[in-house]
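Sequence lines set the chain letters: A, B, ... in the order given, protein chains first and strands last, and positions in each chain run from 1. Predicted model, so just to flag it, every value in this text is computed and none were measured. Because only heavy atoms are used, hydrogens play no part in the values below, and waters and symmetry mates are left out as well, while side chains stay in.
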2 protein chains.
Amino acid sequence: MAATEISSPKRDHLMATAWRLFYRDGLRVVGIDTILAEAGVAKMTLYNHFASKEELIIAILEKRDREFRESIAARVDAAGPDPVARLLAVFDWLEGWFASEGFKGCVFIRALSEYPEPTHPIHQTAWRHKIAIQAALTNLCAAAGAKDPAALANTLSLLIDGAIVAAHATQTTAPAHAARATAASLLKLATA
Amino acid sequence: MAATEISSPKRDHLMATAWRLFYRDGLRVVGIDTILAEAGVAKMTLYNHFASKEELIIAILEKRDREFRESIAARVDAAGPDPVARLLAVFDWLEGWFASEGFKGCVFIRALSEYPEPTHPIHQTAWRHKIAIQAALTNLCAAAGAKDPAALANTLSLLIDGAIVAAHATQTTAPAHAARATAASLLKLATA
DNA sequence: AATAAAATAGACAGGTCTGTATATTTTATG
DNA sequence: CATAAAATATACAGACCTGTCTATTTTATT
């Protein structure tokens, strides 16, 4: 039976359990059996929903991509109408993320690292997320009056990814502040 | 017999082979047997030189750390006496690295991702490298007249790590240019 | 040449991994 | 209730993993 993509309780539960373990310990190091034992689900159930571990990982990454972007968008909207505040809200969101319990970096950056071959489906799925984030940033930069919004968004993306890695290793929120301050400076330069 | 740290031809050869495979495919996915087969060395020889795979990885990371910093320092010195040129030379070095054959990102960032637990010896070894790079950047920023060289170096580190991840995924040198231009702008701001 | 050190092959332990097969039981749905 | 779908337990294949052990051979050093 081919793997379905339709949502179902078992499928959702498997994805939630797998996500937790993958994020905590790593994509390669967590085995199918561990996920099944933790979820209390039979092996064939997993393989009826997902053709392979790779497909499970990709499904999780795509789900996290949606959730991530929705979460950021909510924070941006909560910042009100001022376009500068909206852009900087992204960095406030970052700070909250860095401070969250069990923060261990960005699963997408980690996926890029764990599957370093650029042609690998998991690598490509992870990078698509970064592209999508950058597109959202471009809109915010444009609204804030940046002369070259795509270029600024690109630079801010570098800053954000660097901050994520630093926050992961140091387990502090300081990188969010540094990135935020730099973003504010760069935005000022880009609109002057 | 305890693992020695003294350099020897076999030890060096093992480290070179392991480095190549680890960088190409990943730390966790490359097994001891694969390294041995590729190096043409007996298993007991490896385990006489290294107590474990973990120790082998750490030895390689520490070696790469030294080589990395020496390579950057050489490029900086080749840039001459102008302190601004010296700082920006780091980004030229980045560009050359991104363009190199088989570039797959930074093994230290990848190690942070593959061993996401901050207390893990490999994670900590990888982060020490980033700290060391930041210290060198601080010196360059100070020489270039930055008012808060440590803060600027910290920000440039974020930029650099973000650029490395982006260059890895896109397989282009563009992130080096973006980072370089941003670094020049930030330096100007920090010295004004 | 004699001795000590290093490296070798190969088997082995005990565990892990992904994915498949089978036969049974539970759960939905008409 | 009857039928179909989903999920179950369990075993299995075949490969991989790290690290150890032993007995032998090669390489250095004196």
Side-chain angles (χ1 to χ4, degrees), chain A residues 1-22 24-61 111 114-117 120-123 125, chain B residues 1-22 24-61 111 114-117 120-123 125:
Chain A
M1 210 155 290
T4 171
E5 287 177 20
I6 302 155
S7 177
S8 85
K10 287 283 175 200
R11 189 186 150 96
D12 294 349
H13 180 226
L14 275 170
M15 285 180 72
T17 304
W19 158 250
R20 185 166 52 80
L21 298 176
F22 281 149
R24 192 188 65 188
D25 298 334
L27 299 173
R28 297 206 102 119
V29 82
V30 173
I32 293 292
D33 288 336
T34 306
I35 296 166
L36 295 172
E38 190 77 9
V41 168
K43 188 173 263 194
M44 278 315 294
T45 303
L46 188 148
Y47 280 104
N48 278 337
H49 283 291
F50 306 95
S52 62
K53 180 183 178 182
E54 179 177 313
E55 204 174 86
L56 169 63
I57 290 173
I58 288 174
I60 289 172
L61 290 180
E114 289 214 65
Y115 297 85
E117 182 59 47
H120 195 288
I122 293 176
H123 188 103
T125 301
Chain B
M1 211 153 288
T4 171
E5 287 176 21
I6 301 155
S7 177
S8 84
K10 287 283 175 202
R11 189 187 151 97
D12 294 349
H13 180 226
L14 275 170
M15 283 179 73
T17 304
W19 158 249
R20 185 166 52 80
L21 298 177
F22 280 149
R24 193 188 64 188
D25 298 334
L27 298 173
R28 296 205 103 118
V29 83
V30 173
I32 292 292
D33 288 337
T34 307
I35 295 166
L36 294 172
E38 190 77 7
V41 168
K43 187 173 264 194
M44 278 314 295
T45 304
L46 187 149
Y47 280 104
N48 279 337
H49 283 292
F50 305 95
S52 62
K53 181 183 177 182
E54 180 177 312
E55 203 174 88
L56 169 64
I57 290 173
I58 288 175
I60 289 172
L61 290 181
E114 289 214 66
Y115 298 85
E117 183 58 48
H120 194 289
I122 292 175
H123 189 101
T125 301

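Regarding B/Arg11, its CZ atom lies at a distance of 22 Å from the P atom of D/dT27, rounded to whole Å. Put simply, OH on B/Tyr47 is 11 Å from P on D/dC17, counting in whole angstrom units. What separates CG of B/Asn48 from C1' of D/dG19 is a distance of 12 Å, to the nearest Å. In this structure, the CG atom of A/Leu14 is 15 Å from the C1' atom of C/dG19, given to the nearest Å. For B/Ile32 and D/dT20, the CD1 to C1' distance is 13 Å, given to the nearest whole Å. Between the CG atom of A/Leu46 and the C1' atom of D/dA6 there is a distance of 14 Å, rounded to whole Å. Atom-to-atom, CG of B/Leu56 to P of D/dC17 comes out at 14 Å; the value is rounded to the nearest Å. Atom C1' of nucleotide C/dC17 and atom CG of A/Leu27 are separated by 16 Å, given to the nearest angstrom.
The structure places CD1 of B/Ile35 at 6.0 Å from CG of B/Leu21, a figure rounded to the nearest 0.5 Å. To the nearest 0.5 Å, the span separating CG on B/Leu27 from NZ on B/Lys53 amounts to 7.5 Å. Here B/Ile58 contributes atom CD1 and B/Leu61 contributes atom CG; the two are 7.5 Å apart, rounded to the nearest 0.5 Å. Note that CZ of B/Arg28 and CZ of A/Arg28 are 10.5 Å apart. Values are rounded to the nearest 0.5 Å.
Sequence order on DNA chain C of the closest nucleotides to B/Pro9 and A/Arg28 puts B/Pro9 first from the 5' end.
Between C/dA21, C/dA7, D/dC21, one nucleotide has an atom nearer to the side chain of B/Met44 than all others, and that is D/dC21. The side chain of B/Thr34 has D/dC17 as its nearest neighbour among D/dT8, D/dC17, C/dT8. Candidate nucleotides C/dG19, C/dT8, D/dT18 were compared by shortest atom distance to the side chain of A/Lys53, and C/dG19 ranks first. Comparing atom distances between the A/Thr45 side chain and each of D/dT8, C/dA7, C/dT18 picks out D/dT8 as nearest. Side-chain proximity of A/Asp33 to the nucleotides C/dT8, D/dT8, C/dT18 is greatest for C/dT18. With C/dT18, C/dA7, D/dT8 as the candidates, the nucleotide lying closest to the side chain of B/Ser8 is C/dA7. Out of D/dG19, D/dT8, D/dT18, the shortest distance to the side chain of A/Lys10 is found at D/dT8.
On a pure distance criterion of 3.5 Å, a polar donor-acceptor pair joins the side chain of A/Lys43 and the base of C/dG19.
Phosphate proximity of D/dA6 to A/His49: absent, as no side-chain N or O sits under 4.0 Å from OP1 or OP2.
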Could you give me the CA-CA distance, side-chain angles and deciding distance for B/Leu36 and B/Thr17, then say whether side-chain contact (heavy atoms from CB on, under 4.5 Å) is met?
-> CA-CA 9 Å; B/Leu36 294 172; B/Thr17 304; over 6 Å; no

